[in-house]
Amino acid sequence: MKKYYIETYGCQMNVSLSDQLQEKMNTSGFVLADSQEDADIVIINACSVREHAERKVFNRLEYLSYLKKQKGLKIVVTGCFAQNQKHNIKNADYILGTYKLSLIPEILKNGKENLINVEFDEYRFLEPVRNSTYPFQSLVDITVGCNNFCTYCIVPYLRGPQISRRSIEIIENIKRLADNGVVEIFLLGQNVNTYGKDNSDICFAELLYKIHQIDGIKRIKFLTSHPKDFNDEIIDAVFTLPKVSRWIHLPIQSGSDRILKLMNRKYDVNHYLKIVERLNSYKKEYNLSTDFLVGFPGETEQDFEETINIAKSIKFDEAFMFKYSDRPYTASATFPAKLPEEVKNKRLELLIKIQREIEKEKIKSHKNKIRDVLIESQSKRNLEDAMGRDEINKVVIIKNKKLQQGNFYKVKIVEAKGITLIGELL
Ligand code: SAM
Ligand code: SF4
């Protein structure tokens with residue numbers, strides 16, 4: 001029996017797809033190896049959203065090429081990276097695009113496939129499985145692809161148009177996962193808010209209500225939302241369904257209307273502020289995180305200042321901050337007025353500094369609050385402590401090593417250290 005190993009780079013979507021692929025490899029007669037060195041086949045499932053991430057994968061491939069020469073390892077490259085870099089990948093046995101990932105076990109078994117296959121034909125979903133790191137959780141890809149064409153983004157070109165998994169299938173899958181001990185469902189898609197629009201299925205809010213009814217499921221999270229589609233029904237579901245985590249990841253990208261227009265985001269700052277107002281109207285705690293993209297072509301000092309101002313006024317609980325880089329196929333790659341690297345770096349550094357200060361200040365407000373913490377693992381810093389997440393997805397450290405992974409505990413937040421909460425069992 002052939003031994004395989006999967007290396008995953010990139011977002012939660014890739015983690016989810018690798019977990020599903022792993023299950024399919026196992027049921028197709030392959031055996032999971034302990035390491036790359038111990039494997040006959042290494043599958044690289046990697047991301048191409050940012051240039052920096054791609055460089056890392058190319059370095060990795062060099063090492064695997066060395067192993068291939070040493071011991072005849074088979075190398076399969078898949079995901080956005082394969083789709084994008086198909087002609088630049090050396091020494092791979094198969095370069096299989098995003099629509100071909102689910103076929104890898106079959107391809108490896110019958111060996112009848114071209115070196116490169118990145119066709120967009122029929123997309124086949126794999127069955128959602130338990131998360132390989134956190135078996136109490138399942139990452140469920142409810143949509144793939146994206147129709148939005150933000151001008152900086154390569155995703156629509158590498159993952160094709162949005163395709164939603166059928167809701168009947170999602171519900172059946174989640175029931176089965178719940179029967180097997182999964183308590184937390186993490187719904188994934190590039191823009192989950194438009195779930196069901198491509199195939200006239202139920203809408204995202206309805207999907208949340210249906211999943212909420214499934215016995216055994218205790219927490220539901222989702223990623224990513226888009227401000228143009230994050231509507232009142234969805235907000236209402238988040239604040240009224242107790243199992244739905246009140247963690248909202250809503251990328252704003254920029255605080256300048258001019259830049260948002262150039263990005264083709266289809267909302268303005270005022271629309272985003274109205275959403276925040278609506279979130280506040282429920283008078284319940286919530287966690288708002290975002291993405292910022294700085295240094296977009298043509299971003300002036302004034303535009304950047306507007307981004308800083310919006311960060312300061314909204315005070316996001318968390319933010320992922322990126323420096324713009326040109327990506328192939330995208331509209332913005334052809335835009336004039338590209339900014340010098342040092343300007344982009346300086347702006348990113350300043351935004352990170354300001355955002356981190358906001359986070360440090362904001363985290364203090366959690367002190368003395370009572371939270372339901374789902375234990376994920378031991379703390380990375382101290383193996384005597386447990387690490388979990390509460391109902392608004394905040395990381396909480398609890399000084400108690402007896403707590404069980406996958407169980408919920410009522411906890412009082414006693415301290416905020418840096419950006420981490422420390423809790424005590426009630
Ligand atoms: N669909 C999600 C959304 O709309 O936010 C996630 C898209 S993307 C995979 C995640 C983040 O990467 C984006 O929010 C954006 O900030 C960043 N990103 C996308 N393209 C980029 C580029 N060309 N350069 C730098 N960052 C980029
Ligand atoms: Fe990319 Fe925009 Fe689609 Fe997100 S919504 S994946 S940023 S095109």
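Numbering of ligands and ligand atoms starts at 1, following listing order.
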- Task: Might you work through the side-chain contact (heavy atoms from CB on, under 4.5 Å) test for Val140 and Ile211, ending with a clear yes or no?
- Result: CA-CA 12 Å; Val140 180; Ile211 299 172; over 6 Å; no
- Task: Start with the C-alpha distance between Glu51 and Lys323, add both sets of side-chain angles, then the distance that settles salt bridge (charged side-chain N to carboxylate O under 4.0 Å, His left out), and finish with yes or no.
- Result: CA-CA 10 Å; Glu51 204 180 358; Lys323 177 177 74 167; over 6 Å; no
- Query: Between Leu293 and Met263, does a side-chain contact (heavy atoms from CB on, under 4.5 Å) hold up when you go through it step by step?
  - Reply: CA-CA 10 Å; Leu293 177 51; Met263 288 176 165; 4.0 Å; yes
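In this structure, Arg265 counts as a contact residue of ligand 1, since one of its heavy atoms falls inside 4.0 Å of the ligand. Heavy atoms of Arg50 approach ligand 1 to within less than 4.0 angstrom. Assignment of Arg265 to the shell around ligand 2 is supported, since a heavy atom sits closer than 4.0 Å. Note on ligand 1: Asn191 sits outside its first shell, no heavy atom being nearer than 4.0 Å. Not a single heavy atom of Glu51 sits closer than 4.0 Å to an atom of ligand 1.
Between Tyr267 and His271, the angle of the ring planes lies from 30° to 60°, which puts this pair in the tilted group. Using a 30° and 60° split on the angle between ring planes, Phe230 and Phe222 fall in the tilted class, from 30° to 60°.
Using a distance-only test at 3.5 Å, with no hydrogens or angles considered, a donor-acceptor pair links the side chain of Gln162 to the main chain of Thr194. Using modelled atom types, no side-chain atom of Ser254 and backbone atom of Leu260 make a donor-acceptor pair closer than 3.5 Å.
Counting only protein atoms, the N, O or S atoms lying less than 2.8 Å from atom 1 (Fe) of ligand 2 are Cys153 SG, ordered by chain and residue number.
Across Arg165, Arg159, Arg124, a single residue satisfies salt bridge (Lys or Arg N to Asp or Glu O under 4.0 Å) together with Asp141, and that is Arg165.
For atom 8 (S) of ligand 1, the nearest protein heavy atom (residue, atom name, distance) is Val49 CG1, 4.1 Å. Looking at atom 21 (C) of ligand 1, its nearest protein heavy atom turns out to be Tyr152 CD1, 3.9 Å. Looking at atom 23 (N) of ligand 1, its nearest protein heavy atom turns out to be Ser325 O, 2.8 Å. Among all protein heavy atoms, the one lying closest to atom 2 (C) of ligand 1 is Gln190 O, 3.5 Å.
Atom numbering of ligand 2 starts at 1 in the shown order; those under 4.0 Å from a heavy atom of His226 are 5 (S). Every atom of ligand 1 with a heavy atom of Pro251 under 4.0 Å away is listed here by number and element: 5 (O). Atoms of ligand 1 found under 4.0 Å from any heavy atom of Gln253, numbered from 1 in the order shown, are 5 (O), 13 (C), 14 (O), 15 (C), 16 (O).
Of the N or O atoms in Thr224, none lie within a sub-3.5 Å distance of an N or O in ligand 1.
Minimum interatomic distance between Arg265 and His226 (heavy atoms only, all atoms of both residues): O-CE1, 3.2 Å.
With sequence neighbours excluded, the residues forming a side-chain contact (heavy atoms from CB on, under 4.5 Å) with Asp121 are Tyr99, Lys100, Glu119, listed by chain and number.
Within the 6.0 Å centre-distance limit, the rings of Phe81 and Phe58 are counted as a close aromatic pair.
Tyr63 and Gln36 form no side-chain donor-acceptor contact under 3.5 Å, judged by distance and modelled atom types alone.
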